[in-house]
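Since the structure comes first, as structure tokens, the remarks are kept for the end.
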Amino acid sequence: MGFVTVNSHMATEDISVSDDRMLVFVPPHPLIKHWISVLRNEQTPCPIFKNAMAELGRLLIYEASRDWLPTVTGEIQSPMAIASVEFVDPREPVVIVPILRAGLALAEHASSILPATKIYHLGLSRDEETLLPTVYLNKLPDKFPEGSRVFVVDPMLATGGTIVAALNLLKERGIRNKQMRVISALAAPPALQKLSERFSGLHVYTGIIDPTVNEKGFIVPGLGDAGDRSYGT
């Protein structure tokens, strides 16, 4: 099945691709490249690293919501005349699911971009030997409202085990592939391939795609452990 990488500002409806292909968007914004560079630097101190992660998340969520948010049109009275307007429809459910703990940093500004959202926390840890994920915190509802749009925020898509486990939990609660969008700071081919094989039609937004993952499951060149560097522990 595979996936298609999109390095442009094109709206999804302008991209000619089969419905069952996963799309990976790498927005070519200079600020995204700037914050990725700050995150990569091993000399970046913890507070600046965490702020860079939050700013990167703001930009990626903005890009991911560009053509996806439900809107409602109408007319209002401006100081000068009647104007045709379009608002984000607050009646349609939009959800943020950060994967703890580094996902909290990447999703820090989500509510300022999407003020009518609910946030459900999901904690997964990865075994350092097997690289398999374990759920230690699950605040997801038993069932999501019909038509929910869900942004899943996971900074590092390395081997793919954590993000696949998270998306499976959402699917168990009635969320379809095209109702989810994944936000990540960095991604690597093993995770993207795994996602494309299991979640046809999924959209992934990432700051950059790095070439490989090492034997310990870290993205190379990557940025190290995003959680440790965000919180200093």
Side-chain angles (χ1 to χ4, degrees), residues 1-3 20-25 53 57 60-61 64 93-107 110 117-145 148-207 209-210 212-220 222-231:
M1 186 177 296
F3 59 89
D20 64 355
R21 300 290 293 277
M22 185 178 83
L23 296 182
V24 182
F25 293 83
M53 189 69 79
L60 290 172
I61 292 170
V94 178
V95 173
I96 303 289
V97 178
I99 298 180
L100 308 185
R101 61 181 169 157
L104 290 174
L106 194 61
T117 57
K118 289 186 176 181
I119 298 178
Y120 296 103
H121 297 96
L122 187 58
L124 292 102
S125 59
R126 188 175 69 171
D127 187 286
E128 293 184 2
E129 294 184 2
T130 66
L131 304 182
L132 296 176
T134 300
V135 177
Y136 65 85
L137 177 71
N138 184 350
K139 292 295 186 178
L140 299 177
D142 293 334
K143 191 79 172 177
F144 284 88
S148 293
R149 291 165 171 83
V150 183
F151 293 90
V152 185
V153 184
D154 185 6
M156 313 296 287
L157 304 183
T159 63
T162 297
I163 188 64
V164 166
L167 298 190
N168 281 335
L169 288 171
L170 290 169
K171 292 194 72 172
E172 290 171 6
R173 288 157 173 80
I175 298 297
R176 300 186 302 275
N177 294 352
K178 290 192 175 183
Q179 292 176 257
M180 302 184 285
R181 293 201 170 181
V182 174
I183 309 294
S184 74
L186 274 69
L192 295 177
Q193 186 60 40
K194 193 174 291 184
L195 285 170
S196 71
E197 291 169 355
R198 292 164 172 78
F199 304 98
S200 60
L202 181 69
H203 288 185
V204 176
Y205 287 77
T206 186
I209 300 175
D210 275 357
T212 190
V213 172
N214 67 16
E215 68 280 358
K216 294 184 178 180
F218 282 90
I219 297 174
V220 179
L223 50 78
D225 189 304
D228 288 356
R229 297 192 64 196
S230 291
Y231 297 102

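Below, each value reflects all heavy atoms present in this structure, side chains not excepted, and no hydrogens, waters or symmetry copies. Keep in mind that what you see is a predicted model, and the values were worked out from it rather than measured.
Distance check: L202 CG to S200 OG gives 9.0 Å after rounding to the nearest 0.5 Å. L157 CG to S184 OG: the interatomic distance, rounded to the nearest 0.5 Å, is 4.0 Å. M180 contributes atom CE, which lies 12.0 Å from atom OG of S148 (distance to the nearest 0.5 angstrom). From L106, atom CG reaches atom CE of M53 across 6.0 Å, with rounding to the nearest 0.5 Å. Rounding to the nearest 0.5 Å places OG1 of T159 at 10.5 Å from CZ of F218.
Judged as a side chain to side chain contact (heavy atoms under 4.5 Å, CB included), and not counting sequence neighbours, the contacts of S125 are T134, Y136. Residues that satisfy the side chain to side chain contact (heavy atoms under 4.5 Å, CB included) test with L132, not counting sequence neighbours, are T130. The ring-ring contact (aromatic ring centres under 6.0 Å, His included) check on Y120 picks up F144, with sequence neighbours excluded. Under the side-chain hydrogen bond (donor to acceptor under 3.5 Å, both in side chains) criterion, S230 pairs with no residue, sequence neighbours left out. Remark: K143 pairs with no residue by the side chain to side chain contact (heavy atoms under 4.5 Å, CB included) rule, at least two apart or across chains. Residues satisfying the salt bridge (charged side-chain N to carboxylate O under 4.0 Å, His left out) criterion with D228, sequence neighbours excluded, are R101. With sequence neighbours excluded, the residues satisfying side chain to side chain contact (heavy atoms under 4.5 Å, CB included) with A102 are P155, A226.
Side-chain contact between M22 and L195 is present, with heavy atoms from C-beta onward closer than 4.5 Å. By the 4.5 Å heavy-atom criterion applied to side chains, K118 and I96 are not counted as neighbours. Taking the side chain as every heavy atom from C-beta outward, T206 and L60 never approach each other to under 4.5 Å. Within the 4.5 Å cutoff, the side chain of Y205 has heavy atoms near those of the R181 side chain. Residues F151 and V94 have side chains in contact (heavy-atom distance under 4.5 Å, counting atoms from C-beta outward). Put simply, the side chain of L192 reaches to within 4.5 Å of the side chain of I209, judged on heavy atoms. Between V220 and V213 there is no side-chain heavy-atom pair separated by less than 4.5 Å.
Closest of all the heavy-atom pairs between A110 and I61 is CB-CD1, 3.8 Å. Contact between P93 and P145 at its shortest, heavy atoms only, is CG-CB, 3.9 Å. Residues L140 and N138 approach most closely at N-OD1, 2.9 Å, considering heavy atoms.
Between V152 and the options I183, L122, V95, I99, a side-chain contact (heavy atoms from CB on, under 4.5 Å) holds for only I99.
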I'd like a table of donor-acceptor pairs (distance under 3.5 Å, sequence neighbours excluded) in which one partner is a side-chain atom from residues 160-175, with atom names and distances.
| residue | atom | partner | partner atom | Å |
| --- | --- | --- | --- | --- |
| N168 | ND2 | V164 | O | 3.3 |
| K171 | NZ | N177 | OD1 | 3.1 |
| R173 | NE | P141 | O | 2.9 |
| R173 | NH1 | L169 | O | 3.0 |

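For E197 (side chain) and K194 (main-chain N/O), no donor-acceptor pair under 3.5 Å exists by modelled atom type. Not one N or O on the side chain of D210 forms a donor-acceptor pair closer than 3.5 Å with the backbone of I219. Listed for the Q179 side chain is no donor-acceptor partner under 3.5 Å among the backbone atoms of R149.
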Verdict with reasoning, L23 to V204, per side chain to side chain contact (heavy atoms under 4.5 Å, CB included): CA-CA 6 Å; L23 296 182; V204 176; over 6 Å; no
